[in-house]
Enquirer: 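My questions will all concern the structure given below.
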Amino acid sequence: MPAIQPENILALPRVTIDNPLALARPVVKLVKAQTTFEGEGFMVRRPFPGGVSMRDVDPFLLLDQMGGFELEPEEAKGTPWHPHRGFETVTYMLDGQLQHQDTSGGGGMITDGSTQWMTAGSGILHIEQPSEYLLRHGGMMHGVQLWVNLPAEHKMSDPKYQGIEAQSVKLLTSADGGAIIRLIAGDLAGHEGPGSTFTPITYAHITLEPGAKVELPWNPEFNAMVYSLNGSGAVGIEQAPLAESTLAIFGAGDTVVLQADGAQLGAAKKLDVLVLGGKPIGEPVAHYGPFVMNTHAELVQAVEDFQAGRMGVIPPAHV
Ligand code: MN
């Protein structure tokens, strides 16, 4: 079952634009995701980093769409144990099962609409693997990993893990009742998502029926992006065409508008998007592999701390 489905869409709270003078944001850039390989060799579609300025996506660092198609038996792959420091990894599974474990004691199965929110902070080691069932039998696997940067004052905070069950995601609908809005984190039209963040963001997964339209009030202090997971539509005040696996970056304004094309050619027959934005941190970013700090010296320290085992030690059962 893909993500969480409400029993009755029309019973959900509707997100409407009450201010008739609200200005719909224009689209300033459209970027096709790049295909690359991660971990033990699974394919991801990556809208950023890549063809956008990191200033445009601040406070986010990376977005990976994992899978989105049927896997053959023995085809599923994960990542080996690896470290992180200085930011948060947010893994949302629409479909399939990902088994996670980290050295802070966090872990569990991320599946069918649940989210794992890992604040790496001062340092953590983790492993992400497909479930035994998915590995043996194959099947649908579709997930997203988002990296959210931490401001300098929180980069060395204690590692933290939040398991967000699919049922705790805040469900809303559009004015026309043609879309399921799943609010994972932050505020949207006065509703709150379950994810708790250091940096103010709004993060939602929306499924639009063919032809459905969504208008979202959007914090004017936040940047705004829409990424198409599957399907096609139009975005922004100018109704710019949005193809599959494409990121739209919006300019200033009060609302984010999008509409699904009437004919959806993909297997899903619907438009699925992520809508995300946040308050830019505006600090220098120094990045080396799994570490994201503010200065080069802090990266050198991160590598030393990892090599000395100060970010945690792989549990004996895994060595
Ligand atoms: Mn990782």
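Note that the coordinates shown come from a computational prediction; the quantities given were computed from them, not determined experimentally. All heavy atoms count here, side chains included; hydrogens, waters and symmetry mates do not. Both ligands and their constituent atoms are indexed starting at 1 by order of listing.
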Enquirer: Pick from L172, T115, T207, L274: which one makes a side-chain contact (heavy atoms from CB on, under 4.5 Å) with R182?
Expert: T207
Enquirer: Around the Mn ion (ligand 1), how many protein N, O or S atoms are closer than 2.8 Å?
Expert: 3
Enquirer: When L216 is tested against each of V226, D254, T16, I206 for side-chain contact (heavy atoms from CB on, under 4.5 Å), which residue passes?
Expert: I206
Enquirer: Please determine which of Q99, Q116, Q145 meets the side chain to side chain donor-acceptor pair (under 3.5 Å) test together with E128.
Expert: Q145
Enquirer: Atom CD of E88 and atom CG of L146: how far apart are they, to the nearest 0.5 Å?
Expert: 9.5 Å
Enquirer: So does K77 have more than 12 non-hydrogen atoms from other groups sitting under 6.0 Å from NZ?
Expert: yes
Enquirer: Just verifying a value: how many Å separate R45 CZ and Q65 CD, rounded to the nearest 0.5 Å?
Expert: 4.0 Å
